[in-house]
There are 2 protein chains.
Amino acid sequence: MKVKEVADLVGISVRTLHHYDDIGLLTPEQTTESGYRIYSEMDLERLQQILFFKELDFPLKKIKEIIDSPSFNQAEALEMQRNMLLDKRDRVDTMIRTIDKTIKYKQGEIVMSNKEKFDGFDFSHNPYEQEARERWGDKAVDESNAKMNRMTNEEKKEFEETFHAIYRELAVVRHEDPASEIAQKRIGEWFEFLNQMGTYSLDAFKGLGQMYVDDERFTKNIDQFGNGLAIFMRDAMAVYADKRK
Amino acid sequence: MKVKEVADLVGISVRTLHHYDDIGLLTPEQTTESGYRIYSEMDLERLQQILFFKELDFPLKKIKEIIDSPSFNQAEALEMQRNMLLDKRDRVDTMIRTIDKTIKYKQGEIVMSNKEKFDGFDFSHNPYEQEARERWGDKAVDESNAKMNRMTNEEKKEFEETFHAIYRELAVVRHEDPASEIAQKRIGEWFEFLNQMGTYSLDAFKGLGQMYVDDERFTKNIDQFGNGLAIFMRDAMAVYADKRK
DNA sequence: ATTGACCCTCACGCTACGTGATACTCTATA
DNA sequence: TATAGAGTATCACGTAGCGTGAGGGTCAAT
(Lines give C-alpha, C1' and ligand atoms only; values in the text may rest on other atoms or scores of the structure.)
Protein backbone atom coordinates (compact mmCIF):
# COMPACT_ATOMS: atom_id res chain seq x y z
CA MET A 1 0.00 0.00 0.00
CA LYS A 2 1.13 3.52 -0.76
CA VAL A 3 1.15 6.40 1.69
CA LYS A 4 -2.20 7.89 0.91
CA GLU A 5 -3.97 4.58 0.96
CA VAL A 6 -2.64 3.91 4.41
CA ALA A 7 -3.37 7.42 5.55
CA ASP A 8 -6.97 7.22 4.39
CA LEU A 9 -7.44 3.79 5.88
CA VAL A 10 -6.42 4.74 9.37
CA GLY A 11 -7.33 8.40 9.34
CA ILE A 12 -3.96 10.05 9.75
CA SER A 13 -2.08 12.39 7.44
CA VAL A 14 0.53 11.50 4.86
CA ARG A 15 2.88 13.86 6.64
CA THR A 16 2.48 11.82 9.78
CA LEU A 17 3.62 8.70 7.96
CA HIS A 18 6.58 10.61 6.60
CA HIS A 19 7.37 11.78 10.07
CA TYR A 20 7.20 8.29 11.51
CA ASP A 21 9.58 7.20 8.81
CA ASP A 22 11.94 10.09 9.53
CA ILE A 23 12.25 9.22 13.18
CA GLY A 24 12.47 5.52 12.49
CA LEU A 25 9.24 4.68 14.23
CA LEU A 26 7.63 3.12 11.19
CA THR A 27 9.83 2.49 8.21
CA PRO A 28 8.00 0.72 5.39
CA GLU A 29 9.45 -2.64 4.51
CA GLN A 30 9.76 -1.79 0.85
CA THR A 31 10.29 1.19 -1.35
CA THR A 32 9.94 1.24 -5.12
CA GLU A 33 12.79 2.29 -7.36
CA SER A 34 11.32 5.73 -7.58
CA GLY A 35 11.33 6.04 -3.85
CA TYR A 36 7.66 5.42 -3.10
CA ARG A 37 7.02 3.96 0.32
CA ILE A 38 5.23 0.64 0.19
CA TYR A 39 3.61 -0.57 3.41
CA SER A 40 3.11 -4.26 4.08
CA GLU A 41 0.62 -6.02 6.33
CA MET A 42 3.23 -6.18 9.03
CA ASP A 43 3.83 -2.48 8.74
CA LEU A 44 0.14 -1.94 9.22
CA GLU A 45 0.11 -4.03 12.33
CA ARG A 46 3.00 -2.11 13.73
CA LEU A 47 1.10 1.06 12.94
CA GLN A 48 -1.88 -0.27 14.81
CA GLN A 49 0.29 -0.81 17.87
CA ILE A 50 1.71 2.67 17.53
CA LEU A 51 -1.70 4.25 17.37
CA PHE A 52 -2.93 2.38 20.40
CA PHE A 53 -0.04 3.63 22.43
CA LYS A 54 -0.51 7.08 21.01
CA GLU A 55 -4.14 7.13 22.01
CA LEU A 56 -2.88 6.51 25.51
CA ASP A 57 -0.62 9.55 25.27
CA PHE A 58 2.72 7.85 25.03
CA PRO A 59 5.35 10.03 23.36
CA LEU A 60 6.63 8.67 20.07
CA LYS A 61 10.10 8.15 21.43
CA LYS A 62 8.83 5.91 24.17
CA ILE A 63 6.60 4.03 21.77
CA LYS A 64 9.62 3.27 19.67
CA GLU A 65 11.57 2.10 22.67
CA ILE A 66 8.78 -0.15 23.79
CA ILE A 67 7.96 -1.73 20.47
CA ASP A 68 11.59 -2.24 19.59
CA SER A 69 12.51 -3.66 22.95
CA PRO A 70 13.71 -7.25 22.59
CA SER A 71 11.38 -8.30 25.35
CA PHE A 72 8.35 -6.72 23.73
CA ASN A 73 5.45 -9.06 23.47
CA GLN A 74 2.47 -8.07 21.41
CA ALA A 75 -0.11 -10.21 23.13
CA GLU A 76 0.87 -8.78 26.47
CA ALA A 77 0.83 -5.27 25.05
CA LEU A 78 -2.66 -5.70 23.69
CA GLU A 79 -3.94 -6.86 27.03
CA MET A 80 -2.30 -3.96 28.74
CA GLN A 81 -3.73 -1.51 26.25
CA ARG A 82 -7.11 -3.02 26.84
CA ASN A 83 -6.85 -2.29 30.53
CA MET A 84 -5.67 1.21 29.86
CA LEU A 85 -8.60 1.86 27.59
CA LEU A 86 -10.97 0.57 30.23
CA ASP A 87 -9.37 3.06 32.60
CA LYS A 88 -9.77 5.77 30.08
CA ARG A 89 -13.41 4.99 29.66
CA ASP A 90 -13.84 5.23 33.41
CA ARG A 91 -12.24 8.63 33.34
CA VAL A 92 -14.56 9.77 30.59
CA ASP A 93 -17.50 8.45 32.59
CA THR A 94 -16.34 10.39 35.59
CA MET A 95 -16.12 13.50 33.51
CA ILE A 96 -19.63 12.98 32.23
CA ARG A 97 -20.87 12.72 35.78
CA THR A 98 -18.94 15.85 36.61
CA ILE A 99 -20.72 17.64 33.80
CA ASP A 100 -24.08 16.40 34.98
CA LYS A 101 -23.30 17.66 38.45
CA THR A 102 -22.11 20.96 37.10
CA ILE A 103 -25.34 21.43 35.19
CA LYS A 104 -27.34 20.85 38.34
CA TYR A 105 -24.97 23.03 40.27
CA LYS A 106 -25.49 25.84 37.82
CA GLN A 107 -29.23 25.52 38.25
CA GLY A 108 -28.74 25.86 41.96
CA GLU A 109 -29.92 22.37 42.70
CA ILE A 110 -26.81 21.13 44.41
CA VAL A 111 -23.57 22.35 45.91
CA MET A 112 -20.20 21.40 44.56
CA SER A 113 -16.78 21.43 46.09
CA ASN A 114 -13.86 22.68 44.07
CA LYS A 115 -12.39 19.25 43.98
CA GLU A 116 -15.57 17.82 42.56
CA LYS A 117 -15.55 20.39 39.81
CA PHE A 118 -12.43 18.82 38.40
CA ASP A 119 -13.21 15.18 38.92
CA GLY A 120 -11.95 13.09 36.06
CA PHE A 121 -9.23 15.43 34.92
CA ASP A 122 -5.85 15.13 36.53
CA PHE A 123 -3.53 14.56 33.61
CA SER A 124 -0.62 15.22 35.88
CA HIS A 125 1.03 11.92 35.17
CA ASN A 126 0.67 9.03 32.81
CA PRO A 127 -0.08 6.10 35.09
CA TYR A 128 0.61 3.67 32.30
CA GLU A 129 4.08 4.76 31.56
CA GLN A 130 5.43 3.26 34.74
CA GLU A 131 3.61 0.07 33.95
CA ALA A 132 5.05 -0.11 30.48
CA ARG A 133 8.51 0.69 31.69
CA GLU A 134 8.33 -2.09 34.23
CA ARG A 135 7.34 -4.60 31.64
CA TRP A 136 9.50 -3.68 28.71
CA GLY A 137 11.41 -0.53 29.27
CA ASP A 138 13.90 -1.19 32.00
CA LYS A 139 16.66 1.28 31.35
CA ALA A 140 19.24 -1.22 32.42
CA VAL A 141 18.14 -3.59 29.74
CA ASP A 142 18.22 -0.89 27.08
CA GLU A 143 21.64 0.22 28.13
CA SER A 144 23.12 -3.18 27.86
CA ASN A 145 21.64 -3.51 24.42
CA ALA A 146 23.24 -0.27 23.38
CA LYS A 147 26.55 -1.52 24.59
CA MET A 148 26.10 -4.74 22.68
CA ASN A 149 25.63 -2.73 19.55
CA ARG A 150 28.81 -0.82 20.04
CA MET A 151 30.87 -4.00 20.27
CA THR A 152 32.71 -5.49 17.36
CA ASN A 153 31.94 -8.97 16.15
CA GLU A 154 35.06 -10.41 17.69
CA GLU A 155 34.23 -8.94 21.03
CA LYS A 156 30.75 -10.24 20.71
CA LYS A 157 31.92 -13.77 20.23
CA GLU A 158 34.14 -13.67 23.22
CA PHE A 159 31.44 -12.18 25.20
CA GLU A 160 28.95 -14.79 24.16
CA GLU A 161 31.27 -17.57 25.13
CA THR A 162 31.70 -16.15 28.58
CA PHE A 163 28.07 -16.00 29.31
CA HIS A 164 27.33 -19.34 27.80
CA ALA A 165 29.89 -20.72 30.20
CA ILE A 166 28.02 -19.18 33.09
CA TYR A 167 24.76 -20.57 31.83
CA ARG A 168 26.27 -24.00 31.64
CA GLU A 169 27.57 -23.82 35.17
CA LEU A 170 24.19 -22.70 36.36
CA ALA A 171 22.48 -25.47 34.45
CA VAL A 172 24.50 -28.01 36.35
CA VAL A 173 23.08 -26.92 39.67
CA ARG A 174 19.59 -26.11 38.50
CA HIS A 175 17.98 -28.92 40.48
CA GLU A 176 19.34 -27.57 43.74
CA ASP A 177 17.49 -25.09 45.91
CA PRO A 178 17.75 -21.61 44.30
CA ALA A 179 18.67 -20.31 47.75
CA SER A 180 21.45 -22.82 48.25
CA GLU A 181 25.01 -21.67 48.67
CA ILE A 182 26.26 -22.97 45.37
CA ALA A 183 23.33 -21.54 43.45
CA GLN A 184 23.75 -18.17 45.09
CA LYS A 185 27.45 -18.15 44.40
CA ARG A 186 26.98 -18.77 40.73
CA ILE A 187 24.11 -16.37 40.36
CA GLY A 188 26.38 -13.84 42.03
CA GLU A 189 28.87 -14.36 39.25
CA TRP A 190 26.12 -13.73 36.81
CA PHE A 191 25.25 -10.49 38.54
CA GLU A 192 28.84 -9.32 38.46
CA PHE A 193 29.19 -10.29 34.88
CA LEU A 194 26.18 -8.26 33.88
CA ASN A 195 27.52 -5.33 35.80
CA GLN A 196 30.52 -5.25 33.58
CA MET A 197 28.36 -4.08 30.75
CA GLY A 198 25.79 -1.81 32.19
CA THR A 199 24.91 -1.07 35.73
CA TYR A 200 22.22 -3.30 37.03
CA SER A 201 20.53 -2.39 40.24
CA LEU A 202 19.35 -5.27 42.40
CA ASP A 203 15.78 -4.51 41.46
CA ALA A 204 16.59 -4.48 37.79
CA PHE A 205 18.38 -7.76 38.27
CA LYS A 206 15.37 -9.30 39.90
CA GLY A 207 13.16 -7.90 37.18
CA LEU A 208 15.41 -9.35 34.56
CA GLY A 209 14.99 -12.76 36.14
CA GLN A 210 11.25 -12.43 35.95
CA MET A 211 11.58 -11.57 32.31
CA TYR A 212 13.42 -14.78 31.64
CA VAL A 213 10.21 -16.57 32.47
CA ASP A 214 7.69 -14.09 31.13
CA ASP A 215 9.22 -13.59 27.75
CA GLU A 216 9.31 -16.84 25.92
CA ARG A 217 12.10 -15.76 23.65
CA PHE A 218 14.31 -15.54 26.68
CA THR A 219 12.94 -18.74 28.11
CA LYS A 220 13.64 -20.66 24.95
CA ASN A 221 17.12 -19.33 24.71
CA ILE A 222 18.01 -20.10 28.26
CA ASP A 223 16.38 -23.46 28.46
CA GLN A 224 18.63 -24.62 25.67
CA PHE A 225 21.18 -25.08 28.39
CA GLY A 226 18.87 -27.18 30.47
CA ASN A 227 15.15 -27.53 30.91
CA GLY A 228 13.79 -25.33 33.64
CA LEU A 229 16.90 -23.23 33.81
CA ALA A 230 14.99 -20.02 33.22
CA ILE A 231 12.69 -20.61 36.16
CA PHE A 232 15.57 -21.64 38.34
CA MET A 233 17.46 -18.50 37.45
CA ARG A 234 14.50 -16.30 38.13
CA ASP A 235 14.12 -17.76 41.60
CA ALA A 236 17.80 -17.58 42.36
CA MET A 237 18.02 -14.02 41.13
CA ALA A 238 15.08 -13.01 43.31
CA VAL A 239 16.67 -14.57 46.38
CA TYR A 240 19.96 -12.92 45.57
CA ALA A 241 18.42 -9.49 45.17
CA ASP A 242 16.22 -9.73 48.25
CA LYS A 243 19.05 -10.88 50.48
CA ARG A 244 21.21 -7.91 49.62
CA LYS A 245 18.70 -5.16 50.13
CA MET B 1 -6.01 30.70 45.43
CA LYS B 2 -2.42 30.88 44.29
CA VAL B 3 -0.99 29.12 41.26
CA LYS B 4 0.24 25.97 42.88
CA GLU B 5 -2.94 25.41 44.81
CA VAL B 6 -4.93 25.60 41.60
CA ALA B 7 -2.42 23.45 39.75
CA ASP B 8 -2.57 20.74 42.40
CA LEU B 9 -6.32 20.87 42.59
CA VAL B 10 -6.91 20.25 38.91
CA GLY B 11 -3.78 18.30 38.06
CA ILE B 12 -2.07 20.62 35.63
CA SER B 13 1.29 22.37 35.88
CA VAL B 14 2.02 25.85 37.13
CA ARG B 15 3.61 26.57 33.80
CA THR B 16 0.35 25.77 32.11
CA LEU B 17 -1.44 28.39 34.18
CA HIS B 18 1.25 30.89 33.30
CA HIS B 19 0.84 30.01 29.67
CA TYR B 20 -2.91 30.44 29.79
CA ASP B 21 -2.34 33.82 31.32
CA ASP B 22 0.19 34.75 28.66
CA ILE B 23 -2.16 34.02 25.83
CA GLY B 24 -5.09 35.60 27.61
CA LEU B 25 -7.05 32.40 27.92
CA LEU B 26 -7.29 32.55 31.68
CA THR B 27 -6.20 35.74 33.37
CA PRO B 28 -6.75 35.67 37.12
CA GLU B 29 -9.11 38.31 38.39
CA GLN B 30 -6.68 39.59 40.96
CA THR B 31 -2.97 39.91 41.49
CA THR B 32 -1.26 40.90 44.71
CA GLU B 33 1.06 43.88 44.89
CA SER B 34 4.00 41.57 44.52
CA GLY B 35 2.61 40.17 41.32
CA TYR B 36 1.19 36.89 42.61
CA ARG B 37 -1.72 35.56 40.60
CA ILE B 38 -4.84 35.05 42.68
CA TYR B 39 -7.59 32.86 41.20
CA SER B 40 -11.21 33.34 42.16
CA GLU B 41 -14.12 30.91 42.04
CA MET B 42 -15.13 32.30 38.70
CA ASP B 43 -11.66 31.79 37.37
CA LEU B 44 -11.89 28.17 38.45
CA GLU B 45 -15.14 27.72 36.60
CA ARG B 46 -13.68 29.20 33.50
CA LEU B 47 -10.77 26.83 33.91
CA GLN B 48 -13.18 23.93 34.15
CA GLN B 49 -14.73 24.95 30.85
CA ILE B 50 -11.31 25.25 29.30
CA LEU B 51 -10.30 21.79 30.39
CA PHE B 52 -13.49 20.23 29.12
CA PHE B 53 -12.88 21.67 25.70
CA LYS B 54 -9.27 20.70 25.87
CA GLU B 55 -10.15 17.11 26.66
CA LEU B 56 -12.10 17.20 23.43
CA ASP B 57 -9.01 18.33 21.53
CA PHE B 58 -9.96 21.89 20.84
CA PRO B 59 -6.94 24.12 20.27
CA LEU B 60 -6.51 26.83 22.88
CA LYS B 61 -7.10 29.59 20.40
CA LYS B 62 -10.49 28.22 19.50
CA ILE B 63 -11.36 27.66 23.13
CA LYS B 64 -10.69 31.31 23.78
CA GLU B 65 -12.82 32.34 20.83
CA ILE B 66 -15.67 30.17 21.94
CA ILE B 67 -15.68 31.10 25.59
CA ASP B 68 -15.26 34.77 24.88
CA SER B 69 -17.90 34.86 22.19
CA PRO B 70 -20.77 37.15 23.17
CA SER B 71 -23.22 34.44 22.23
CA PHE B 72 -21.54 31.88 24.42
CA ASN B 73 -23.87 30.14 26.78
CA GLN B 74 -22.48 27.94 29.46
CA ALA B 75 -25.46 25.70 29.94
CA GLU B 76 -25.53 24.97 26.25
CA ALA B 77 -21.82 24.33 26.24
CA LEU B 78 -22.08 21.84 29.05
CA GLU B 79 -24.74 19.92 27.24
CA MET B 80 -22.69 19.86 24.11
CA GLN B 81 -19.65 18.71 25.95
CA ARG B 82 -21.70 15.98 27.49
CA ASN B 83 -22.64 14.71 24.06
CA MET B 84 -19.09 14.88 22.91
CA LEU B 85 -17.93 12.88 25.86
CA LEU B 86 -20.57 10.26 25.14
CA ASP B 87 -19.13 10.06 21.64
CA LYS B 88 -15.68 9.78 22.98
CA ARG B 89 -16.73 6.93 25.17
CA ASP B 90 -18.20 5.22 22.14
CA ARG B 91 -14.93 5.59 20.38
CA VAL B 92 -13.03 4.14 23.29
CA ASP B 93 -15.47 1.26 23.41
CA THR B 94 -14.93 0.65 19.73
CA MET B 95 -11.23 0.60 20.28
CA ILE B 96 -11.60 -1.90 23.07
CA ARG B 97 -13.59 -4.14 20.77
CA THR B 98 -10.91 -3.70 18.16
CA ILE B 99 -8.32 -4.85 20.65
CA ASP B 100 -10.39 -7.86 21.57
CA LYS B 101 -10.72 -8.73 17.93
CA THR B 102 -7.04 -8.25 17.37
CA ILE B 103 -6.21 -10.62 20.20
CA LYS B 104 -8.41 -13.27 18.68
CA TYR B 105 -7.02 -12.50 15.28
CA LYS B 106 -3.51 -12.99 16.55
CA GLN B 107 -4.50 -16.35 17.93
CA GLY B 108 -5.81 -17.27 14.54
CA GLU B 109 -9.38 -17.53 15.69
CA ILE B 110 -10.81 -14.96 13.34
CA VAL B 111 -9.98 -12.99 10.24
CA MET B 112 -9.74 -9.25 10.21
CA SER B 113 -9.93 -6.75 7.42
CA ASN B 114 -7.53 -3.87 7.37
CA LYS B 115 -10.31 -1.46 8.00
CA GLU B 116 -11.38 -3.35 11.08
CA LYS B 117 -7.88 -3.19 12.44
CA PHE B 118 -8.21 0.54 12.78
CA ASP B 119 -11.76 0.78 13.97
CA GLY B 120 -12.16 3.54 16.48
CA PHE B 121 -9.22 5.61 15.37
CA ASP B 122 -9.78 8.12 12.64
CA PHE B 123 -8.62 11.35 14.16
CA SER B 124 -8.68 12.90 10.75
CA HIS B 125 -11.12 15.59 11.70
CA ASN B 126 -12.69 17.00 14.76
CA PRO B 127 -16.40 16.58 14.17
CA TYR B 128 -17.18 18.84 17.08
CA GLU B 129 -15.35 21.81 15.78
CA GLN B 130 -17.90 22.34 13.07
CA GLU B 131 -20.64 21.96 15.61
CA ALA B 132 -19.12 24.50 17.93
CA ARG B 133 -18.58 26.89 15.09
CA GLU B 134 -22.19 26.68 14.09
CA ARG B 135 -23.49 27.38 17.52
CA TRP B 136 -21.16 30.10 18.59
CA GLY B 137 -19.01 30.92 15.65
CA ASP B 138 -19.52 33.67 13.16
CA LYS B 139 -19.86 32.13 9.74
CA ALA B 140 -22.91 30.18 10.76
CA VAL B 141 -25.51 29.19 8.28
CA ASP B 142 -24.69 29.64 4.60
CA GLU B 143 -21.89 27.21 4.51
CA SER B 144 -24.05 24.17 4.05
CA ASN B 145 -25.96 25.91 1.28
CA ALA B 146 -22.78 26.79 -0.46
CA LYS B 147 -21.76 23.18 -0.15
CA MET B 148 -24.96 22.11 -1.83
CA ASN B 149 -24.40 24.42 -4.75
CA ARG B 150 -20.91 23.30 -5.37
CA MET B 151 -22.13 19.76 -5.24
CA THR B 152 -24.37 19.99 -8.27
CA ASN B 153 -21.49 21.16 -10.39
CA GLU B 154 -18.94 18.65 -9.41
CA GLU B 155 -18.17 15.00 -9.69
CA LYS B 156 -18.96 11.76 -8.03
CA LYS B 157 -16.12 11.70 -5.59
CA GLU B 158 -16.97 14.97 -4.01
CA PHE B 159 -20.52 13.82 -4.02
CA GLU B 160 -19.65 10.94 -1.82
CA GLU B 161 -17.57 13.07 0.43
CA THR B 162 -20.43 15.43 0.88
CA PHE B 163 -22.85 12.86 2.02
CA HIS B 164 -20.33 11.40 4.34
CA ALA B 165 -20.04 14.89 5.74
CA ILE B 166 -23.78 14.97 6.30
CA TYR B 167 -23.63 11.65 8.06
CA ARG B 168 -20.88 12.94 10.25
CA GLU B 169 -22.81 16.05 11.09
CA LEU B 170 -25.80 13.97 11.95
CA ALA B 171 -23.67 11.70 14.07
CA VAL B 172 -22.61 14.64 16.17
CA VAL B 173 -26.16 15.36 17.29
CA ARG B 174 -27.37 11.80 17.49
CA HIS B 175 -27.70 11.90 21.26
CA GLU B 176 -30.22 14.72 21.01
CA ASP B 177 -33.92 14.23 20.62
CA PRO B 178 -34.66 13.28 16.99
CA ALA B 179 -37.38 15.91 17.05
CA SER B 180 -35.07 18.65 18.29
CA GLU B 181 -34.47 21.66 16.13
CA ILE B 182 -30.89 20.87 15.32
CA ALA B 183 -31.70 17.25 14.45
CA GLN B 184 -34.54 18.34 12.22
CA LYS B 185 -32.44 20.94 10.53
CA ARG B 186 -29.82 18.41 9.65
CA ILE B 187 -32.20 15.74 8.57
CA GLY B 188 -33.73 18.41 6.38
CA GLU B 189 -30.40 18.87 4.71
CA TRP B 190 -30.31 15.16 4.14
CA PHE B 191 -33.73 15.27 2.54
CA GLU B 192 -32.72 18.06 0.21
CA PHE B 193 -29.55 16.32 -0.66
CA LEU B 194 -31.35 13.15 -1.62
CA ASN B 195 -33.74 15.13 -3.73
CA GLN B 196 -30.93 16.33 -5.88
CA MET B 197 -30.28 12.79 -7.00
CA GLY B 198 -33.76 11.50 -7.48
CA THR B 199 -37.07 12.78 -6.30
CA TYR B 200 -38.06 11.52 -2.93
CA SER B 201 -41.56 11.92 -1.66
CA LEU B 202 -41.99 12.41 2.05
CA ASP B 203 -43.36 8.90 2.37
CA ALA B 204 -40.47 7.45 0.49
CA PHE B 205 -38.18 9.41 2.73
CA LYS B 206 -39.80 7.97 5.81
CA GLY B 207 -39.65 4.49 4.33
CA LEU B 208 -36.02 4.92 3.54
CA GLY B 209 -35.38 5.70 7.17
CA GLN B 210 -37.09 2.51 8.22
CA MET B 211 -34.89 0.61 5.83
CA TYR B 212 -31.80 2.00 7.49
CA VAL B 213 -32.76 -0.04 10.50
CA ASP B 214 -34.35 -3.08 8.83
CA ASP B 215 -31.62 -3.75 6.33
CA GLU B 216 -28.47 -4.46 8.18
CA ARG B 217 -26.29 -3.56 5.25
CA PHE B 218 -27.56 -0.03 5.60
CA THR B 219 -27.31 -0.14 9.35
CA LYS B 220 -23.72 -1.21 9.30
CA ASN B 221 -22.79 1.36 6.79
CA ILE B 222 -24.44 4.19 8.62
CA ASP B 223 -23.34 3.19 12.07
CA GLN B 224 -19.78 3.53 10.94
CA PHE B 225 -20.29 7.20 11.53
CA GLY B 226 -21.51 6.68 15.07
CA ASN B 227 -23.17 3.96 17.01
CA GLY B 228 -26.91 4.20 16.88
CA LEU B 229 -26.92 6.69 14.05
CA ALA B 230 -29.19 4.56 11.87
CA ILE B 231 -31.89 4.40 14.51
CA PHE B 232 -31.57 8.08 15.20
CA MET B 233 -31.91 8.87 11.52
CA ARG B 234 -34.95 6.68 11.12
CA ASP B 235 -36.67 8.50 13.99
CA ALA B 236 -35.64 11.93 12.80
CA MET B 237 -36.75 11.14 9.26
CA ALA B 238 -40.11 9.95 10.48
CA VAL B 239 -40.65 13.09 12.49
CA TYR B 240 -39.58 15.20 9.55
CA ALA B 241 -41.93 13.50 7.15
CA ASP B 242 -44.91 13.48 9.49
CA LYS B 243 -44.54 17.14 10.34
CA ARG B 244 -44.68 18.17 6.73
CA LYS B 245 -47.70 16.23 5.62
C1' DA C 1 17.68 36.77 60.52
C1' DT C 2 17.61 32.90 57.96
C1' DT C 3 15.71 29.06 55.66
C1' DG C 4 12.73 26.79 52.48
C1' DA C 5 8.81 26.71 49.91
C1' DC C 6 6.61 29.47 46.58
C1' DC C 7 6.21 33.23 43.39
C1' DC C 8 7.76 36.13 39.28
C1' DT C 9 9.62 36.99 34.42
C1' DC C 10 12.44 36.06 30.51
C1' DA C 11 13.82 32.99 27.04
C1' DC C 12 15.35 29.06 24.79
C1' DG C 13 14.10 23.96 23.86
C1' DC C 14 11.16 20.27 22.45
C1' DT C 15 7.54 17.28 20.27
C1' DA C 16 4.63 16.18 16.61
C1' DC C 17 3.45 17.34 13.17
C1' DG C 18 1.34 21.50 9.39
C1' DT C 19 2.38 23.88 5.40
C1' DG C 20 4.33 25.33 1.35
C1' DA C 21 7.96 25.03 -2.43
C1' DT C 22 9.92 22.43 -5.93
C1' DA C 23 10.43 18.44 -8.51
C1' DC C 24 9.67 13.58 -9.99
C1' DT C 25 6.27 9.45 -11.23
C1' DC C 26 2.33 7.19 -12.74
C1' DT C 27 -1.98 6.41 -15.06
C1' DA C 28 -5.81 7.74 -17.84
C1' DT C 29 -7.42 9.94 -21.69
C1' DA C 30 -7.61 13.01 -25.98
C1' DT D 1 2.05 9.80 -27.81
C1' DA D 2 1.70 13.83 -25.44
C1' DT D 3 -0.40 15.96 -21.73
C1' DA D 4 -2.96 16.59 -17.62
C1' DG D 5 -4.04 15.31 -12.96
C1' DA D 6 -3.40 12.95 -8.95
C1' DG D 7 0.06 11.12 -6.14
C1' DT D 8 4.77 10.91 -4.29
C1' DA D 9 9.41 12.66 -2.76
C1' DT D 10 12.53 15.72 -0.16
C1' DC D 11 13.89 19.86 2.05
C1' DA D 12 12.93 23.30 5.30
C1' DC D 13 10.69 26.65 7.90
C1' DG D 14 6.40 27.43 10.97
C1' DT D 15 3.34 26.39 14.89
C1' DA D 16 1.12 24.84 19.36
C1' DG D 17 1.53 23.91 24.01
C1' DC D 18 3.93 23.67 27.02
C1' DG D 19 8.96 21.92 29.73
C1' DT D 20 12.93 23.49 31.73
C1' DG D 21 16.33 26.17 33.64
C1' DA D 22 18.30 30.90 35.01
C1' DG D 23 18.10 34.69 37.94
C1' DG D 24 15.77 36.90 41.30
C1' DG D 25 11.88 38.50 44.59
C1' DT D 26 8.19 37.08 48.61
C1' DC D 27 6.45 35.12 52.70
C1' DA D 28 5.62 32.43 56.90
C1' DA D 29 7.95 29.72 60.21
C1' DT D 30 11.68 28.72 62.97
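In the text below, chain A, chain B and the rest are named by the order of the sequence lines, each starting its count at 1.
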[X] has an atom [atom1]; how far is it from atom [atom2] of [N], in whole Å?
{"X": "A:Tyr20", "N": "C:dT15", "atom1": "OH", "atom2": "C1'", "value": "11 Å"}
{"X": "A:Asp57", "N": "D:dC18", "atom1": "CG", "atom2": "C1'", "value": "14 Å"}
{"X": "A:Asp22", "N": "C:dA16", "atom1": "CG", "atom2": "P", "value": "13 Å"}
{"X": "B:Glu33", "N": "D:dG25", "atom1": "CD", "atom2": "P", "value": "17 Å"}
{"X": "B:Leu17", "N": "D:dG17", "atom1": "CG", "atom2": "P", "value": "15 Å"}
{"X": "B:Ile38", "N": "C:dC7", "atom1": "CD1", "atom2": "P", "value": "9 Å"}
{"X": "B:Asp21", "N": "D:dC18", "atom1": "CG", "atom2": "P", "value": "14 Å"}
{"X": "B:Lys2", "N": "D:dC27", "atom1": "NZ", "atom2": "P", "value": "8 Å"}

By nearest heavy atom, map A:Val14 and B:Glu5 onto DNA chain C; which one lands nearer the 5' end?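 Closest to the 5' end, via its nearest nucleotide, is B:Glu5.
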
Respond yes when some side-chain nitrogen or oxygen of [X] is under 4.0 Å from OP1 or OP2 of [N], and no when none is.
{"X": "B:Arg37", "N": "C:dT9", "answer": "yes"}
{"X": "A:Lys4", "N": "D:dA9", "answer": "no"}
{"X": "A:Ser34", "N": "D:dT8", "answer": "no"}
{"X": "B:His18", "N": "C:dC8", "answer": "yes"}
{"X": "A:Thr16", "N": "C:dG18", "answer": "yes"}
{"X": "A:Lys64", "N": "C:dA16", "answer": "no"}

Determine the contact category for B:Leu60: base if any of its heavy atoms lies under 4.0 Å from a base atom, sugar-phosphate if only primed atoms, P, OP1 or OP2 are that close, otherwise nothing.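 Sugar-phosphate, no base atom in range.
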
Mind checking A:Ser13 for me? I need base, sugar-phosphate or nothing, with any heavy atom below 4.0 Å counting as a touch. sugar-phosphate

What I want to find out is whether A:Lys2 reaches A:Asp8 closely enough, with some N-O distance under 4.0 Å, to be called a salt bridge.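 Looking at A:Lys2 and A:Asp8, the cut-off is not met.
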
Does a side-chain N-to-carboxylate-O contact under 4.0 Å join B:Arg186 and B:Glu176? no

Selected nucleotide, minimal atom distance to A:Arg15 side chain, candidates D:dG19, D:dT8, C:dT19: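 Closest nucleotide among those given: C:dT19.
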
Nearest to the B:Tyr36 side chain among C:dC17, D:dT26, D:dG17, which nucleotide is it?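 So the nucleotide nearest the side chain must be D:dT26.
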
Could you walk me through whether A:Glu45 and B:Lys106 pass the salt bridge (Lys or Arg N to Asp or Glu O under 4.0 Å) test, one step at a time? CA-CA 11 Å; A:Glu45 283 171 21; B:Lys106 283 284 164 189; 2.6 Å; yes

Would you sort out whether B:Arg37 and B:Asp43 count as a salt bridge (Lys or Arg N to Asp or Glu O under 4.0 Å), showing the intermediate values? CA-CA 11 Å; B:Arg37 281 166 253 255; B:Asp43 291 330; over 6 Å; no

Quick one, B:Asp57 with B:Lys62, criterion salt bridge (Lys or Arg N to Asp or Glu O under 4.0 Å). Give me CA distance, side-chain angles, the key distance, then yes/no. CA-CA 10 Å; B:Asp57 293 319; B:Lys62 210 143 282 165; over 6 Å; no

